Amino acid sequence: AALVLSANQSSDYGSTYTKLNLMPGTTIIVTNFYICPTNKKKVILVSSSINERDQMLFISTDEGSSFQRQPVSFTVDTLLFHPSEEDKLLAYSKEAKLYISTDLGHKWTLLQERVTKDRVFWAVTGADVDPDLVHMEIQDIGGGYLYVTCLIQNCSDKMVTAQFLGKIDHNSLSVQDEYIFVKVTTGNRTKYYVSYRRNEFVQMRFPKYALPKDVQIVSTDENQVFLALQEWYQTDTYNLYQSDPQGVYYSIVLENVRSTKQPEENVLIDILEVRGIKGVFLANQKIDGKVMTLITYNKGRDWEPLAPPTTDMNGKPASCKQPDCHLHLHLRWADNPYVSGTVHTKDSAPGLIMGAGNLGSQLVEYKEEMYITSDCGKTWRQVFEEEHHILYLDHGGVIVAIKDTSIPLKILKFSTDEGRTWSIHNFTSTSVFVDGLLSEPGDETLVMTVFGHISYRSDWELVKVDFRQSFPRQCTEADYDSWKLTDLQGEKCIMGQERMYRRRKESSFCIKGKSYTSALTDKPCQCTEKDFACDYGFERAPSLRLEGDRCYPDFWHDPDAPPENCHLGHSYKSSTGYRKVITNVCEGGLNKEQSAKQHSCPLLPPRGLQLGIKGQMLAVAPGDDITFIVHQEQGDTTSTRYQVDLMDGVRAIYENLTVTDEPIQHRYEKPGVYRVNVKAENSAGHDQATLYIQVTAPLQDVHLEVVPIAGRNQEVNLTAIVLPTEANLTVFYWWIGDNLQPKLSLENSLITRFSEEGEVPVTVQASNGRSMVQDSKIIIVYDHFQVIPLSFSRNLDRFNPNIPEWRQDVGQVVTKILAKLTGVPRDSLVTMVKPGLPTTADLYVLPQESTPVKRSVFVDKVDASSCLGCSRLAAAGPGVWALAVFLLISLISAAAFILFKFKRKLPGRNVYAQMHNEKEQEMTSPVNHSEDTQNIIQGNHSGVVLSINSRELHSYLTS
């Protein structure tokens with residue numbers, strides 16, 4: 001790639017700046033840039049052409065002085081450098097694939113697919129044996145998510161190792177130092193698990209009724225987990241908890257820490273671990289809508305608000321006085337990892353904290369004045385009116401500040417006396433949008449880089465500022481004095497020791513350099529009340545402060561109860577309610593843990609026995625493999641018998657369950673409902689659990705049988721025919737019209753009525769726990785219409801397969817021929833062949849829209865007692881007779897046609913068709929019939945028999 005370089009040495013603080021144009025004549029959009037954490041000279045820009053068609057990386061090994069262009073075949077979402085090997089990096093693509101490069105991004109190999117974004121972690125030095133190990137959360141092919149690890153040399157599906165037994169929640173894997181966290185939600189309960197030093201996962205124990213909605217890990221260093229937990233009643237706050245060394249048992253440290261929801265479901269919690277001095281945290285507590293900043297020096301054992309500065313920026317006495325007014329700080333992380341957040345601290349500059357906030361009774365969102373402390377929060381000074389990004393150089397010997405703004409800048413400010421005085425430096429001739437402030441790896445450096453862009457295209461600028469020239473010499477021991485760490489009350493014993501730190505004298509103008517160490521001396525203290533925090537299951541009651549600093553057991557906690565892993569023959573100590581703050585080094589004096597009593601582990605009866613199925617499916621198909629899981633909440637497992645009855649004749653007895661989650665595999669061959677029972681029993685007691693398993697084949701299809709035409713306010717039967725026919729435990733959902741609320745039934749039929757005329761859609765869904773199928777029909781509702789029952793000769797029954805498609809085709813053929821022979825419009829006739837044998841049908845005659853129906857088209861009621869094969873017709877004039885004759889002929893034709901069409905050739909067969917004269921229905925409203933219909937002709941009219949062979953019928957139909 002062609003580069004345009006221009007270097008310009010400025011006279012005062014040695015600024016060197018490099019301007020680069022990545023591809024002259026081409027607009028390159030740089031979407032992100034990454035700087036190697038172990039070698040700042042290695043920089044990778046992620047970019048694309050303006051149409052996003054070409055994806056490419058620009059790779060530099062000389063801190064951006066020159067770049068090599070490297071096209072890539074995938075769209076890079078994020079890059080992740082190896083924590084110790086500077087040429088190894090992982091790339092996560094927008095297609096959820098993970099790639100590996102071992103040559104700083106020149107060559108890429110696909111590692112794994114279906115990977116969860118931001119849930120990929122390199123091996124942790126000291127915790128993982130192999131530095132080439134990668135931890136990741138991936139989507140299982142069968143659904144759900146898994147925590148797996150693999151080596152970068154081979155990460156195919158066969159080579160990944162599942163590290164957690166079973167599925168985990170999406171977006172729940174977190175690998176931090178010696179701890180790994182996952183969570184698993186079943187039903188409406190979420191369980192959180194931790195693995196310490198890569199051992200087995202153990203369920204994390206929070207107070208019983210915390211019922212966490214969300215958990216965010218805050219810190220995992222110094223052999224302890226700090227986490228923020230949103231309890232069931234909280235919405236915009238979290239409670240802060242700390243753990244034992246294994247990360248299993250948690251006690252509350254601070255309530256109601258403010259939280260803010262970010263896009264993409266990220267949550268920011270206002271808690272900050274102060275770097276440089278262990279055990280110091282800042283937190284913003286929100287009570288009744290007011291946010292206040294608090295500080296702790298002993299890992300959350302005690303919290304107090306920040307003291308305001310005594311003078312303002314001009315040296316005048318400050319108007320802000322305790323206890324009504326304090327200093328409050330914004331505790332936000334920066335979105336960009338290469339600039340400081342709203343508060344900046346660093347391991348190499350202990351005691352130095354610089355942050356944005358305000359004075360007053362509470363934190364104000366829009367106020368971002370800058371304050372600094374050099375004695376770890378005891379005394380503060382205001383330095384700026386607006387928020388700045390901060391960088392500490394030479395162990396805090398130089399503090400660099402650049403305004404946090406969206407406009408381009410030319411100047412930076414710096415201080416060599418811990419923020420008491422500030423100088424201004426023009427670091428560039430062209431204003432730049434600042435993207436990063438970087439110092440060399442190692443803390444002795446006095447060289448910094450400002451990384452920015454001039455325009456939103458590809459003009460990037462890297463400005464190096466070298467402060468070495470401004471210091472005439474290296475510091476000697478005579479250039480330092482000391483300061484003693486105390487809390488806000490002046491207490492010198494913090495975390496069990498008195499600590500002294502070096503500080504450069506104000507009058508000394510020298511470089512601290514590589515060999516500088518800030519810690520001077522530390523002297524252990526005698527243990528006091530302050531060195532002990534509440535144990536798991538205990539807390540300090542704010543309402544009982546008058547009674548001293550006592551820890552009280554929570555109502556759900558029995559301090560003398562044996563722990564869950566207590567086995568017969570072992571012993572345990574009951575808690576006194578106190579535990580020494582982790583990493584506290586006090587010696588002698590008071591020991592709040594001493595009075596803990598030693599007990600022998602009793603034989604505990606089994607309690608909280610649960611029976612479940614792996615995958616949670618309680619409805620399975622015949623022949624499916626089922627894994628039952630027996631889980632026991634409490635009680636001894638080694639001396640307990642477990643009797644399992646699977647109800648299909650299989651019984652088993654298990655002795656000495658080695659783990660509380662013991663799988664039992666089984667397969668049911670026959671459909672049915674099985675009640676599975678497990679009984680656990682030892683000499684101290686027993687418990688049992690029951691589970692109902694539905695073994696049922698998946699539903700294949702459902703067919704809705706319903707009349708096509710219905711009368712207004714008349715009863716209509718909806719019937720659902722389900723395949724396979726032996727399906728059991730089926731639930732039917734009936735959706736009628738536009739109603740969004742279905743009717744539910746266990747029967748496969750439903751009686752309903754329609755009050756309005758018009759088309760009504762009807763849908764049925766059949767569900768049996770393993771599958772759901774549906775069918776829909778439309779019913780047309782009329783006020784007036786007639787139904788004439790039809791029957792066919794018995795010959796047809798032998799060829800009736802009794803399936804919906806056959807009935808539909810037959811109905812359409814009958815309708816078509818009747819319409820043709822009678823002259824009645826086809827739209828006014830509907831034939832519905834009924835399910836079952838003998839083959840019968842209903843002919844629906846609908847009112848024609850043009851001529852209102854004034855009287856019966858066919859007949860008044862037919863005498864139901866007349867003989868079979870006979871029919872009495874009302875003497876209603878020649879028109880009705882003609883229609884009746886047409887009807888008889890048409891039925892003969894229809895039946896003949898049906899035989900022809902559906903039976904292959906059957907020459908010479910007699911075909912009978914007759915009007916079904918038992919139940920001729922009339923569904924018209926009562927009308928006054930004219931006089932000529934009153935004249936009933938008595939007598940028998942024999943049915944008409946017509947013999948026709950298939951050849952004749954064929955010629956008739958084709959003509």
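Given the structure is predicted, the values throughout are model-derived calculations rather than measurements.
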- Query: If we ignore angles and hydrogens, is there a donor and acceptor under 3.5 Å between the side chains of Q246 and Y179?
  - Reply: no

- Distance-only side-chain donor-acceptor flag, Q234 / N239, under 3.5 Å: yes

- Task: Calculate, to the nearest 0.5 Å, the distance between atoms CD and OH belonging to E178 and Y196 respectively.
- Result: 5.0 Å

- Query: Can you check whether F226 and F281 have ring centres sitting under 6.0 Å from each other?
  - Reply: yes

- Do other residues, nucleotides or ligands put more than 12 heavy atoms under 6.0 Å from K208 NZ? no

- Could you tell me whether the side chains of H666 and D648 share a donor-acceptor contact shorter than 3.5 Å? yes

- Electrostatic pair R607:D687 at N-O distance under 4.0 angstrom: no

- Message: For H686, is the NE2 atom crowded, meaning more than 12 foreign heavy atoms sit under 6.0 Å from it?
- Response: no

- salt bridge (charged side-chain N to carboxylate O under 4.0 Å, His left out) contacts in which one or both residues fall within residues 121-144, not counting sequence neighbours: K88-D132, D128-R198, D140-K167

- Query: Looking only at side chains, do D118 and Y92 share a donor and an acceptor under 3.5 Å apart?
  - Reply: no

- Query: Do D244 and R579 meet the salt-bridge criterion of a basic N to acidic O distance under 4.0 Å?
  - Reply: no

- With Y250, which of F206, Y241, F538 fulfils ring-ring contact (aromatic ring centres under 6.0 Å, His included)? F206

- Do T75 and D77 have side-chain N/O donor and acceptor atoms under 3.5 Å apart? no

- State whether the side chain of N154 and the backbone N or O of S156 hold a donor-acceptor pair below 3.5 Å, judged by distance alone. yes

- Greater than 12 external heavy atoms within 6.0 Å of K573's NZ: no

- Message: With no hydrogens and no angle check, just 3.5 Å: does a side-chain donor-acceptor pair link T696 and Q694?
- Response: no

- Message: Restricting to non-hydrogen atoms, name the atom on V678 and the atom on L609 that form the minimum distance, rounded to 0.1 Å.
- Response: O-CD2, 3.7 Å

- For Q643 and D645, does a side-chain donor sit closer than 3.5 Å to a side-chain acceptor? no

- For D554 and W556, indicate whether the former's side chain and the latter's backbone hold a donor-acceptor pair under 3.5 Å. no

- How about Q112 and D157: does a side-chain donor come under 3.5 Å of a side-chain acceptor? yes

- Query: Counting only heavy atoms not in E200, do more than 12 fall under 6.0 Å of its CD?
  - Reply: no

- Message: Can a side-chain donor-acceptor contact be found between Q224 and K299 if the only test is distance below 3.5 angstrom?
- Response: yes

- Neighbour count above 12 (heavy atom, 6.0 Å) for K580 NZ: yes

- Regarding R119 and N171, is there a side-chain donor-to-acceptor distance under 3.5 Å anywhere? yes

- Query: Which residue pairs pass the disulfide bond (SG atoms under 2.5 Å apart) test when at least one of the two sits in residues 78-139, sequence neighbours left out?
  - Reply: none

